[in-house]
Amino acid sequence: MAQTQIRIGGFGGQGVILSGIIIGRAAAIHAGLNATLVQSFGPEARGSSSSAELIVSSEPIWYPYVKHLDMLVVLSQDAYNKFSPALRPRGLLVTEADLVKPEPPIPGARHFVVPATRLAEELGRKIVLNIISVGFFGAVSQLMPLEAIERAVKESVPPGTLDLNLKAFRKGWEAGEQALKQAPAMA
Amino acid sequence: MAQTQIRIGGFGGQGVILSGIIIGRAAAIHAGLNATLVQSFGPEARGSSSSAELIVSSEPIWYPYVKHLDMLVVLSQDAYNKFSPALRPRGLLVTEADLVKPEPPIPGARHFVVPATRLAEELGRKIVLNIISVGFFGAVSQLMPLEAIERAVKESVPPGTLDLNLKAFRKGWEAGEQALKQAPAMA
Amino acid sequence: MHADPAGVLTGAHFLDGDHAACEGALAAECRFVAGYPITPSTEVVERIAQRFPLVGGVFIQMEDELASSIAIAGAVWGGKRAMTVTSGPGFSLMMEHVGFAVMTETPCVFINVQRGGPSTGLPTLPAQADMMQARWGSHGDYEIIALSPNSPQECFDLTFKAFNLAEQYRVPVLVMMDECVGHMMERVVIPRAEELEIYPRRWTKAAPGEYLPFAPGEDLVPAMARAGQGYRFHMTGLTHNERGYPDMSVAAQARLVARLTDKIRKNADALQDVVEDGVDGADVVVVCYGITSRVALPAIEACRASGLKVGWLRLRTVWPFPERLIRDLASGLRAFVVPELNMGQIVREVERCAGAARVVGVPHAGGTVHDPAVIERAIREAVR
Amino acid sequence: MHADPAGVLTGAHFLDGDHAACEGALAAECRFVAGYPITPSTEVVERIAQRFPLVGGVFIQMEDELASSIAIAGAVWGGKRAMTVTSGPGFSLMMEHVGFAVMTETPCVFINVQRGGPSTGLPTLPAQADMMQARWGSHGDYEIIALSPNSPQECFDLTFKAFNLAEQYRVPVLVMMDECVGHMMERVVIPRAEELEIYPRRWTKAAPGEYLPFAPGEDLVPAMARAGQGYRFHMTGLTHNERGYPDMSVAAQARLVARLTDKIRKNADALQDVVEDGVDGADVVVVCYGITSRVALPAIEACRASGLKVGWLRLRTVWPFPERLIRDLASGLRAFVVPELNMGQIVREVERCAGAARVVGVPHAGGTVHDPAVIERAIREAVR
Amino acid sequence: MSERANPVERYLRSDRIPHIWCPGCGIGTTVNCFTRAIDESGIPMDRLAVVSGIGCTGRVAGYMHVDSFHTTHGRAIPFATGLKLAAPGMKVVVYSGDGDLFAIGGNHFIHAARRNLDMTVVCVNNLTYGMTGGQLTPTTPEEAIASTSPYGNFEQPFNLPYLAESCGAVYVARWTTYHVTHLKKAMREALLKKGFSFVEVISPCPTLYGRRNRIGDGLDEVKTYKQRSVIRNGAPTSEVSLGMTGPIVVGKFVDRERPTYQDAMDQFYARKLGDRYARASQ
Amino acid sequence: MSERANPVERYLRSDRIPHIWCPGCGIGTTVNCFTRAIDESGIPMDRLAVVSGIGCTGRVAGYMHVDSFHTTHGRAIPFATGLKLAAPGMKVVVYSGDGDLFAIGGNHFIHAARRNLDMTVVCVNNLTYGMTGGQLTPTTPEEAIASTSPYGNFEQPFNLPYLAESCGAVYVARWTTYHVTHLKKAMREALLKKGFSFVEVISPCPTLYGRRNRIGDGLDEVKTYKQRSVIRNGAPTSEVSLGMTGPIVVGKFVDRERPTYQDAMDQFYARKLGDRYARASQ
Amino acid sequence: MAQPTRRVRGVVVIHAERCKGCGLCVEFCPTDVLALSPAFTSKGYHPPEVVRGEACSGCDLCGMYCPDFAIYGYRL
Amino acid sequence: MAQPTRRVRGVVVIHAERCKGCGLCVEFCPTDVLALSPAFTSKGYHPPEVVRGEACSGCDLCGMYCPDFAIYGYRL
Ligand SMILES: Cc1ncc(C[n+]2csc(CCOP(=O)(O)OP(=O)(O)O)c2C)c(N)n1
Ligand SMILES: Cc1ncc(C[n+]2csc(CCOP(=O)(O)OP(=O)(O)O)c2C)c(N)n1
Ligand code: SF4
Ligand code: SF4
Ligand code: SF4
Ligand code: SF4
Ligand code: SF4
Ligand code: SF4
Ligand SMILES: [Mg+2]
Ligand SMILES: [Mg+2]
């Protein structure tokens, strides 16, 4: 497998870094791949936008930052505006349904919309929006098997919140599988 | 005039550094010569022996420390023991009458004994022992005219003590001249 | 001696460099850490604060870096392996105590996670601009050991190694990370305790009456005593004799400073730790370290793809600088290219040793890493 | 602009280097000194404490060197010319604020009267072992100006000059004395005030609304404003833009750090200050500075007496290092000899620039000066 | 719009707003009080300098539209010392955080108070290091969680007013961001006081202190101040230490007279040197 | 000779005597008291460590025949902190000068007192920097001449017992070198006290303080202590500040209990972590 | 005589785009003039809105509290 | 009964070569046992000498004062 360059972006406080960590951990520890994750803070740590840059590969990874995105997950409009231009042609784009209006659109992107806010509200905790997105991304990206990511979720969330997060993950994954089925086949 | 290397040594507190400064200042400011003075502390500043190394020359002075002494003034036994071996053949040696027993003697030295303690007691202030020695040394060394050194004395002692010190200086100088007259002619 | 399993988090982990360095220290039996928070190094001590109460270590957040950097010396003489952690501004404040550790031969570890400078600079962004400070930042003459990891795995490995080198040579060892490796997460594999070899402290075997705390052994390193064992030794930052007593003579100074520098200089070959790739027969060798050593690789590969013979020489130990190696290489090649996240630091060392070979620095003010294309261009120009 | 006569002690004096440096500062219109006592530099501030109340200066003995080294920055922004004075251990503590002064372009002077190190070392005895620290001691990238006097007269002259350079380039300038020149007394001739040319502070001429405190002029140096004049400017040790506001972007970092280093690098020729004797046509050139430059002369003369062609190249400005000059010389001679009161510092710079010429260091751990015979031997061996 | 401007505005570098502080952070509230205090003090803005160290509070200097200095961590006071002694006509205010002033900067604080340097020190005490991510600080109450005391703090914190008084500060007050009018008044008094004046403001850091310690967000924190505070002007400073719970004693604790460093110097040299004394010109 | 040995001798590195201190310097007197205090305390010499900073007093470590550490200027306390936490079985004594402990080292003192680190701090307060030639120190009385206050000092000095108390020291006493038996007793009590104990000793520096200030030599200085001292055990520390003349209030001012840093840590972690807490082994 | 004199009235000004929705102004307005609006700012915060404007005294307490300089009041 | 019990007697030991002649022991000996001797040590100081040895109680106050560890007393 060649390198896959991924970015997960959103507001500070949305937990996008944790999302990145889960995917990275899944890849690096449970899926036999290499993964390098770099966090970008805004110029200031506080309140501004935040994103995780993740490279997943079966080969060693040297240069640690993403340049041309193979996959992009955005949970805020700001992140969409900032990062979507770097998406490769036919790259995978996941946007949150309520928080992101994918405009201008990225022509040719494999675009999926995750209703993470809605699903999180169904679970009664808005905070799991990020884990739902991880599940969704896991399913649509087809980078790794569910089990790898699920184990990473278990290892990454506070013990007290495990059940909730696993539920959220599964919910996201299912929504992702659903979306994948409905998606038009890509060349 | 070639370089003259001089050392004035004694106990800490005897004011030998000030003696050196006066001679150096006289040479450098009032006698048209170059002078370089270096103080040597013992390994610790406090209580141990102290000495001034002075080079006087009509040429520029580069290396700042004395190596072979042309002239040595010692006001303590310790200083005598430590420094007299470095005196050149036929060098000038001034030792204090009561404080220094010039043993082993330095054969061939032009040796003068300054009764500085006694003269200082005559003036009622033991503290001027060093200025008396400066006067004595000035006379026997014949390095500079009296006026040059006297001006340096004026500039170097606390204003309140000027009269006393000038008196001490003159007394020393006179004793020096006296001694010089009595000294056997040197080859 | 094998590591104490209590501190070894055996297994595969997804960690950033800061956390990996913390685990490296724990595995190396570090049991005292004094720190003062500073971005981007704070995560090291935050993890220490979490882990230490569970493994018998003492962490104290001191009032400043001056305090941290000498508290560790106290702990070492009390018998512990100890370290402190900081970044540029704090590193500047620690300089006096780097020299103190050198002078008193106190084995200890300093981690500096480098960020953009000078001054407060770019607190959250990477640089490699404290490399010369690592060598020269304290007053007076000394030699130092400084390591440069290029991944979280190496943050573990080299922090572990730093403790061993500190004990072996009785010197402070500097782990010169950069914000990029410090905050980058990757797989870090921590071996089992039995696979981790600890260089034990060089405790003296002499009886208290006979012990000379600064009398060197054959390898120039004196054996150590620990407080409370009846040795009643003395140590001082003044120039001292073998008893450890102040000796302010020129001879004592000459003897002591020569030994302190020779401990490192004479062992430069043993201390050399480089990774080479394609260096033999190369026309150009890229000399690099830390994160830049990774960033250089795509550039090197691009050049190789177009037929250039380019070698990759990565310094894991930056100080002592592998002088002999560079001199040897210099005679056989056309140029060295030295990319660094600074305005030209280690490149100067290469220049010193390069003889007739060209030396091309690729400076960068920091805040991010090089664009590999820039390094590629420098390589191509270097052989033109 | 002529110096203010109030501070100029015109005449011939018999002074040691410390006192002469004090007079140099006074003549240069230094009117704020913050210090913390340390041997062998204390005499400078002791004289300042005596003299300042008589000439309108403010001296404050701060609680430590950290405080002294930033109090002077405050005073500079308050409108004064300011300096601090220290020796090795204190210099190590000032490193953060050397970098701060660089970053905020605060013109100020640091005097370091070097003593034996590392650590507490030899407090009362000479060394020249902080020369590399002067260049590299603070974290992050910068360039610096460092001067090296070799007599009390030059302690006056170069301290005076340091203030002018500080103002001209808006940088901290380091006067790197050594204990030997600091404590040696010689004739010091202080000119009349009209003969002393002051480089005035580069006060902005812009109106408050238009003033950009960190927008450089053509020579890369921005004009300054003083507190209390309505400019309401901001300054920060963070990476900043021309307004002085924090700007933590890679571009801002690249721009700022490049300018800060270029201020010195591009003016290296103007800053070059060397004294040459018999360098043209020499086979060997002795590169030296400070007290060692005097000690080398008898050795050079002894060699010349036996027919060797030996040049004397004395650096009054050590940093920036006169790279171009050394490179130019290198092509025409056989060897450089570099005696220093350290284990080899500036000799490394000579090595960088020496090309095919041999470079022979004459290290010395300090505590006294070289025996000229040792330097003589090195010269003779260098040409053999 | 014909509406009047926000009174804070003329004191701010409006081009730098919005600031970097988190929602509900108390620092902005203290700045409001400070700007009104300046206003009431009548000190012209051109004669006012704000000096900060490093930290979230350290950013205050950069937002104030006066001559402003963002120095190094812990060293705002010695910088201000140099500034004030060089420009005695300026009113110099040090505005910084608890960690900056009392961890790394503690020595400068005690010495400046001892010398009675003529400056005002405002400490925004949010009980943690905000800027670096919520570590332990010398004012963190016992039991509180911080990133470097993940199981809770077992160190006794400083009682800042007591420390300030014992070192010689001439004006010492403490308020919280709940007490905006008291705080404004204290700041005004401090600004107008000759000598070393110290105002401690207990202030929420919801992001790194409040939430972590289950107090809630900024508003919740301020509400606890309202509940917990007890006004005791003139209380002996030895009795005003703070815990995680229990009363927060606020008030003006010290207001006394003694010559400032500069005045002591001038008077002393005038006495000793007479006409020979050359007073520093500005 | 069959005479008994000098009781101080076994505590000294006799091979290093004579020491470097000047005639009449008080430091040696304090060492006598200290050695007798150790003796009476019953603390074995092998379990005692003396840590000094730099200064004339800083040389005490080097003369004591125990594990001894001559550190850097101002940093004896943080070194001792590391030492004590690493070797909790040791009794750690910091022995240093006023400049070392309260000028450059002030921050460490206040934090160590706050944390109640289990150590004894002996400050030989000779009102000047002896080692470097008699400069102003934070304890120099007003009016006194020093080499950096050649016309006299106009700064208010610290009141050390007040500072120590306000930061949290559990034992605070002041004596002079005139009060040898009181001093010995105070040192013994301090040695045996758990927590941060502080003993200030007013001590002559004839070479650089006494003579310069026309007090005379060491003996004269001690005589003035005799005249000027007033014993007031339990005096409020706020009332014990010192001037050039006037009373020198001496006595034991503070003696109170609170958990040491180490005990607080152990108890806290035991409470929070139960069996998971791994107490540091020595 | 029983007729109360007309209360001094005030105005409150909200700069919603600066607001971070902390709620301090709402909580500490002495006359309950404000409430957090359900609307979002562009950054996703709920700014205050005036719900009892007539009760505003212009005391500017909201302005004193607001950490984001997003609101202030003044007397007419 | 009026016969006093014999006072405990003490011995004082002087290590003159260590002495720097400060006079503290002389001044603070409670029973005036000591006086500074007119003799010099090799370093030029006047060490104390015992002038009323019978009065020495061995209290060791001289030892406590002596900054140079040059004198001490003990009870017999
Ligand atoms: C020498 C140095 N050490 C450490 C730091 C890192 N640092 C920056 S701000 C800060 C603490 C800030 O805490 P506080 O002063 O309470 O301010 P707050 O952010 O809470 O307002 C620290 C430790 C630094 N910048 N410089
Ligand atoms: C970092 C540093 N700054 C300054 C010094 C110089 N210095 C040595 S001792 C000393 C002061 C000593 O005064 P004090 O602590 O009162 O001890 P005393 O000599 O009076 O006993 C100073 C300033 C130093 N060694 N290191
Ligand atoms: S981290 Fe805390 S102190 Fe800093 S801005 Fe946020 S709330 Fe305020
Ligand atoms: S200088 Fe003062 S403190 Fe130092 S040894 Fe001499 S008398 Fe004692
Ligand atoms: S000005 Fe006063 S009354 Fe009006 S909204 Fe603001 S706080 Fe409420
Ligand atoms: S106080 Fe300010 S930031 Fe908070 S809700 Fe009100 S207007 Fe918004
Ligand atoms: S032991 Fe006591 S009585 Fe005897 S000489 Fe000494 S001080 Fe005097
Ligand atoms: S006290 Fe000691 S040093 Fe002083 S005179 Fe007596 S024996 Fe000599
Ligand atoms: Mg804070
Ligand atoms: Mg002292």
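Everything numeric in this text was worked out from a predicted model, so none of it was measured. Quick note on labels: first sequence line is chain A, next is B, and so on, each numbered from 1.
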Student: W136(D) versus Q345(C): any side-chain heavy-atom pair under 4.5 Å?
Tutor: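 W136(D) reaches Q345(C) side chain to side chain.
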Student: Is it the case that the side chain of Q253(D) and the backbone of G367(C) share a donor-acceptor pair, with hydrogens and angles ignored and the cut-off at 3.5 Å?
Tutor: no
Student: Considering only heavy atoms and a distance below 4.5 Å, find which of T236(C), V359(C), D130(C) pairs most often with chain D.
Tutor: D130(C)
Student: Got a second to check how far S119(D)'s OG is from L238(C)'s CG, nearest 0.5 Å?
Tutor: 8.0 Å
Student: What residue, out of Q128(D), R265(D), H97(D), H364(D), has the most heavy-atom pairs lying under 4.5 Å from chain C?
Tutor: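 Answer, by heavy-atom pair count under 4.5 Å with chain C: R265(D).
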Student: Run the numbers on R352(C) and E349(D) for salt bridge (Lys or Arg N to Asp or Glu O under 4.0 Å), then give the verdict.
Tutor: CA-CA 8 Å; R352(C) 277 208 312 122; E349(D) 289 298 303; over 6 Å; no
Student: Step through the shown structure and confirm whether more than 12 heavy atoms of other residues, nucleotides or ligands are within 6.0 Å of CZ on R324(C).
Tutor: no
Student: Do you know which of M132(D), R255(D), E351(D) has the most heavy-atom pairs with chain C at a distance under 4.5 angstrom?
Tutor: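 When all of M132(D), R255(D), E351(D) are compared, M132(D) has the most.
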Student: Under a 4.5 Å cut-off applied to non-hydrogen side-chain atoms, are P118(D) and H139(C) in contact?
Tutor: no
Student: Please rank A254(D), P123(D), G117(D) by heavy-atom pairs under 4.5 Å with chain C and give me the top one.
Tutor: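 The answer is G117(D).
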Student: Can you tell which part of L256(C) gets under 4.5 Å to a heavy atom of chain D, answering side chain, backbone, both or neither?
Tutor: neither
Student: Closest approach of P89(C) and E96(D), non-hydrogen atoms and distance?
Tutor: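 Looking at all heavy atoms of both residues, the closest pair is CB-OE2, 3.7 Å.
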Student: Any sub-3.5 Å donor-acceptor pair from Q133(D)'s side-chain atoms to G137(C)'s backbone N or O?
Tutor: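 It does hold such a pair.
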Student: Do T124(C) and M248(D) have side-chain heavy atoms sitting under 4.5 Å apart?
Tutor: no
Student: Can you say whether R135(D) sits under 4.5 Å from chain C via the side chain, the backbone, both, or neither, judging by heavy atoms?
Tutor: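 Interface part for R135(D): side chain.
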Student: Which answer fits F100(D), side chain, backbone, both or neither, if we ask what part of it has an atom under 4.5 Å from a heavy atom of chain C?
Tutor: both
Student: Between T104(D), D141(D), T368(D), which has the largest tally of heavy atom pairs under 4.5 Å with chain C?
Tutor: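 So the answer, after comparing T104(D), D141(D), T368(D), is D141(D).
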Student: Picking from G344(D), G140(D), A252(D), which has the most non-hydrogen pairs under 4.5 angstrom with chain C?
Tutor: G140(D)
Student: With respect to chain D, which residue among S87(C), S92(C), A127(C), G90(C) yields the maximal number of heavy-atom pairs within a distance under 4.5 Å?
Tutor: S92(C)
Student: Using heavy-atom distances under 4.5 Å, tell me whether T261(C) contacts chain D through its side chain, its backbone, both, or neither.
Tutor: side chain
Student: Do L125(C) and T239(D) have side chains that approach each other closer than 4.5 Å (heavy atoms only, starting at C-beta)?
Tutor: no
Student: Less than 4.5 Å apart, any side-chain heavy atom of L66(C) and any of L93(D)?
Tutor: yes
Student: Any idea which of G99(D), G355(D), C353(D), G237(D) has the most non-hydrogen atom pairs under 4.5 angstrom with chain C?
Tutor: G237(D)
